[in-house]
Amino acid sequence: MVLRCAWGTCNVDERYPERLQNGVKLILFPKPKTNLQKCLRWIKACGRPHEQLNIQRINKHKAVCSKHFVGGNGPTVEFPDPLQADGSAVRPTRPLRKRTSTFTESNPVSKKKKLLCTTDIEHGEDVNSTTETETSNNTSSGNNISIQTEEPWISPFEMFAMATELHVSREKEKQYEATICTLKEEIKELKDKLSSDDQKPSFGVDEVIRREGKLKNLFKYYTGIVYIRFAGLLAFLVSDGSSVNYEKGRKDISMLSLQDGLFLTLCRLRHNFGLKDLSVRFKLSLQSSGIVFNTWISLMYYKLGQLCIWPHRDVIINNMPKDFKNDYPTTLVIIDGTEFRTQSPCALGLQSQLYSDYKSSTTLKALIGCDPNGSVIFASELFTGCISDKQICEQSGFYNVLESLKLEGYVKDGDAIMADKGFTIREELSNLNLVLNIPPMASSTSQMSVSDTLLTEKIAKHRVHIERLIAKVKTYKMLSVRIPTSLFKNINKIWSVCCHLTLFHDVFVTDSKNCSI
């Protein structure tokens with residue numbers, strides 16, 4: 001550390017010893033942080049321009065020579081500041097006022113003085129000389145009567161008041177800290193509540209039901225079924241106390257209720273909402289929306305697939321419409337094939353298998369059957385579009401179902417099945433002792449007879465129920481639009497679930513006089 005004198009035009013520097021002569025010493029500037037007023041007085045006394053010497057320039061290298069003080073030996077108590085560089089007079093600093101604090105107990109020295117004085121008077125000695133001697137002895141031994149201090153004197157009452165004020169301040173500080181902790185907890189609770197409110201979907205069962213008073217049948221518009229049947233379906237799928245197992249680690253899914261999860265699935269089936277649309281509606285991520293849909297589709301597929309939807313023949317016959325019962329009293333099921341257009345796959349071999357001559361497009365084909373009231377009682381899996389009606393009856397297991405139903409007594413010998421003329425399965429059904437009702441085939445050489453025409457009209461009048469059922473299934477737009485290849489993995493589950501969901505719809509063929517449901 002190199003010290004340099006900052007007074008006036010002085011150029012004393014520690015690096016040049018020849019400038020430090022006659023015992024001159026360099027005295028550091030007072031620190032602005034600890035003694036600002038004294039530092040400002042020294043700066044003023046040095047008389048240098050402001051840009052050369054100011055508070056910001058005071059550092060460990062700034063000093064003043066001892067010769068620039070009164071007496072030439074540095075600062076003293078009377079003259080602590082350097083001489084004025086401009087030559088103006090220097091006034092001595094007024095000393096701090098000192099108070100004498102005495103001991104509270106009786107002063108033993110005073111008693112001693114009093115005894116000495118009494119003794120000296122009795123012996124005729126000089127009191128003044130004794131007192132002076134005693135005082136000099138006390139001074140030399142360091143036992144002064146009073147203590148000189150530069151600190152201001154504080155009375156006991158002031159001390160008590162300060163202690164009381166300090167105690168009150170500490171109590172207030174504790175109260176403030178407790179209040180701050182309480183407010184922090186409330187802020188945290190409000191943030192959590194706000195975060196949970198943000199995570200709650202603005203579109204769901206509760207919101208739709210709330211708005212259903214102004215918009216009639218709004219819930220049925222989104223799901224295809226009324227709310228009371230929706231609640232029954234939810235209770236069947238998820239029993240009390242159980243839950244749906246989604247993929248772990250999805251925080252947004254944990255905020256989704258069970259009824260909203262089922263509602264999301266039905267909305268997508270009914271309106272073919274995209275995953276991005278569902279993510280915005282239910283405040284989920286894109287991946288979470290797909291997980292919720294796939295999980296519920298699998299659950300519905302396995303739960304609904306366990307149900308026996310083929311009623312006993314007595315139930316079917318007792319609830320037949322009157323006209324149907326008069327014409328075909330033993331016909332228990334109407335079957336037909338239906339096709340769904342698909343996106344053309346890249347593989348040429350798969351394109352050839354999916355191509356349907358009837359639709360002139362790549363399709364998936366299924367066999368579906370309904371009772372005379374139009375309710376679904378059989379739905380096969382989906383096959384490629386090139387399969388024929390006869391082949392699909394065999395490969396779908398339809399004959400096996402009929403055989404097992406005969407063993408259970410649900411179907412008896414002589415019962416009939418109604419189909420379109422493309423189902424040339426009379427021989428297969430005859431092996432099961434069953435009858436096939438189909439429209440007569442037209443000859444290419446002759447005109448159809450009157451009886452054949454009437455028979456065709458009669459069968460077509462009743463077979464229309466299966467067409468209406470297929471149309472009802474296709475109200476679920478995931479099946480009515482062109483199916484992308486990305487859905488092929490779950491398309492059988494979607495098809496089966498949509499068929500079973502039609503059972504929650506109203507029956508469109510009723511006969512109140514003969515209905516015994």
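Starting from 1, each residue takes its place in the sequence as its number. Keep in mind that this is a model prediction, so the values were computed, not measured. Just the heavy atoms: all of them, side chains too, but no hydrogens, waters or symmetry mates, feed the values below.
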Evaluation steps, side chain to side chain contact (heavy atoms under 4.5 Å, CB included), between L503 and L307: CA-CA 12 Å; L503 296 172; L307 300 177; over 6 Å; no

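- Using a 4.5 Å cut-off on side-chain heavy atoms (C-beta onward), L269 and I297 make contact.
- Figure legend: R229 and F504 shown without cation-pi pairing, the cationic atom not lying both under 6.0 angstrom from the six-membered ring centre and within 45 degrees of its axis.
- Ion pairing of K283 with D252 is absent here, as no side-chain N (NZ or NE/NH1/NH2) approaches a carboxylate O to less than 4.0 Å.
- Counting only N and O atoms by type, the side chains of Y301 and W296 include no donor and acceptor under 3.5 Å apart.
- In this structure, F263 has its ring center at least 6.0 angstrom away from the ring center of Y227.
- Side chain of S496 to main chain of K493: no donor-acceptor pair is present (N/O by atom type, distance under 3.5 Å, no hydrogens or angles).
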R170/E173 under salt bridge (Lys or Arg N to Asp or Glu O under 4.0 Å): CA gap, chis, key distance, verdict: CA-CA 5 Å; R170 287 178 178 175; E173 183 180 359; over 6 Å; no

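- For the pair Y355 and S360, the tightest heavy-atom approach, listed with the atom from each and the gap, is OH-CA, 3.5 Å.
- A 4.5 Å side-chain heavy-atom check between I317 and M320 finds at least one atom pair inside the cut-off.
- For E165, the CD atom sits in a loose shell: 12 or fewer heavy atoms of surrounding residues, nucleotides or ligands are nearer than 6.0 Å.
- Checking E339 against T363 by side-chain atom types alone, a donor-acceptor pair falls below 3.5 Å.
- In this structure, CG in D371 is found 14.0 Å from CZ in R313, a value given to the nearest 0.5 Å.
- Of the inter-residue distances, the one linking L262 atom CG with L256 atom CG reads 10.5 Å to the nearest 0.5 angstrom.
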Could you check V333 against C370 for side chain to side chain contact (heavy atoms under 4.5 Å, CB included), going step by step and ending with a plain yes or no? CA-CA 6 Å; V333 61; C370 72; over 6 Å; no

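- Ion pair E428/K390 flagged as a salt bridge, since at least one NZ, NE, NH1 or NH2 atom sits closer than 4.0 Å to an Asp/Glu carboxylate oxygen.
- With a 6.0 Å radius and a threshold of 12 heavy atoms from other residues, nucleotides or ligands, K406 has its NZ atom above the threshold.
- Because its NZ or CZ atom is both nearer than 6.0 Å to the ring centre of Y328 and within 45° of the ring axis, K458 counts as a cation-pi partner of that residue.
- Contact check for P311 versus I377: side-chain heavy atoms found under the 4.5 Å cut-off.
- Panel note: side chain S242, backbone V238; no donor-acceptor pair is recorded below 3.5 Å.
- Of all heavy-atom pairs spanning M300 and V497, the tightest one is CE-CG1, 3.5 Å.
- No more than 12 heavy-atom neighbours from other residues, nucleotides or ligands sit within 6.0 angstrom of CD1 on I228.
- Counting heavy atoms of neighbouring residues, nucleotides and ligands inside a 6.0 Å radius, atom CZ of R211 does not exceed 12 of them.
- Within the 3.5 Å criterion, the main-chain N or O of S375 finds no donor-acceptor partner in the side chain of N373.
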Take T331 and I417, measure what side chain to side chain contact (heavy atoms under 4.5 Å, CB included) needs, and give me the verdict at the end. CA-CA 5 Å; T331 300; I417 294 169; 5.9 Å; no

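- When atom types are taken as modelled, the side chain of Q343 and the backbone of I483 share no donor-acceptor pair closer than 3.5 angstrom.
- The shortest non-hydrogen separation linking S380 to F383 is OG-CE1, 4.2 Å.
- Applying the 6.0 Å contact sphere to CE of M159 captures no more than 12 heavy atoms from other residues, nucleotides or ligands.
- By the 6.0 Å contact criterion, CE on M448 is enclosed, its count of non-hydrogen atoms from other residues, nucleotides or ligands being greater than 12.
- Residue P439 comes nearest to A419 through the heavy atom pair CD-O, 3.5 Å, listed as atom of the first residue, atom of the second, then distance.
- Ion pairing between a basic and an acidic side chain is recognised when a charged N comes within 4.0 Å of a carboxylate O; E467 and R463 show such pairing.
- Between C39 and P32, the closest heavy-atom pair is SG-CG, 3.9 Å.
- In this structure, R281 is positioned above the aromatic face of F203, its NZ or CZ under 6.0 Å from the six-membered ring centre and within 45° of the axis.
- With R270 contributing its side chain and Y222 its backbone, the two residues share no donor-acceptor pair below 3.5 Å.
- Annotation: side chain of Q259 is in contact with side chain of F230 (closest heavy-atom distance under 4.5 Å).
- Within the model, atoms CG of L429 and CG of L402 stand 7.0 Å from one another, a figure rounded to the nearest 0.5 Å.
- Side-chain contact check for S396 versus F378: some heavy-atom pair is nearer than 4.5 Å.
- Side-chain contact between V435 and M418: absent, with no pair of heavy atoms (C-beta onward) separated by less than 4.5 Å.
- Aromatic ring centroids of H271 and Y476 lie 6.0 Å or more apart.
- Although no hydrogens or angles enter the test, the distance criterion places a donor-acceptor pair under 3.5 Å between the side chain of N492 and the main chain of L382.
- Within 6.0 Å of NZ in K461 there are more than 12 heavy atoms belonging to other residues, nucleotides or ligands.
- To the nearest 0.5 Å, atom CG of residue L53 and atom CZ of residue F29 are 5.0 Å apart.
- How far CD1 of I335 is from SG of C393: 4.5 Å, rounded to the nearest 0.5 Å.
- Using a distance-only test at 3.5 Å, with no hydrogens or angles considered, a donor-acceptor pair links the side chain of R48 to the main chain of A6.
- In this structure a side-chain-to-backbone donor-acceptor pair under 3.5 Å is missing from K276 to L286.
- Few gaps surround CD on Q395; more than 12 heavy atoms of other groups in view lie less than 6.0 Å from it.
- A donor-acceptor pair under 3.5 Å is formed between the side chain of S388 and the backbone N or O of Q391.
- Ionic pairing of K174 and E177 is not present here: no N-O contact between side-chain nitrogen and carboxylate oxygen is shorter than 4.0 angstrom.
- S289 places a side-chain N or O within 3.5 Å of a backbone atom of S285 that can act as its donor or acceptor partner.
- Between H462 and D323 the shortest side-chain heavy-atom distance falls below 4.5 Å.
- E171 contributes atom CD, which lies 10.5 Å from atom CG of L166 (distance to the nearest 0.5 angstrom).
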Check step by step if side chain to side chain contact (heavy atoms under 4.5 Å, CB included) holds for L469 and T502. CA-CA 8 Å; L469 174 62; T502 60; 4.1 Å; yes

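- In summary, the side chains of T342 and T362 do present a donor paired with an acceptor at a separation below 3.5 Å, with no hydrogens or angles considered.
- Using cut-offs of 30° and 60° on the angle between ring planes, the pair W310 and F398 is tilted.
- Side-chain contact between S169 and K172: absent, with no pair of heavy atoms (C-beta onward) separated by less than 4.5 Å.
- Here the closest heavy-atom approach between residue I392 and residue L367 is recorded as CD1-N, 3.7 Å.
- Taking a cutoff of 4.0 Å between a charged side-chain nitrogen and a carboxylate oxygen, D389 and K365 qualify as a salt bridge.
- A cation-pi geometry, defined here as NZ or CZ lying under 6.0 Å from the six-membered ring centre and within 45° of its normal, does not hold between R268 and F273.
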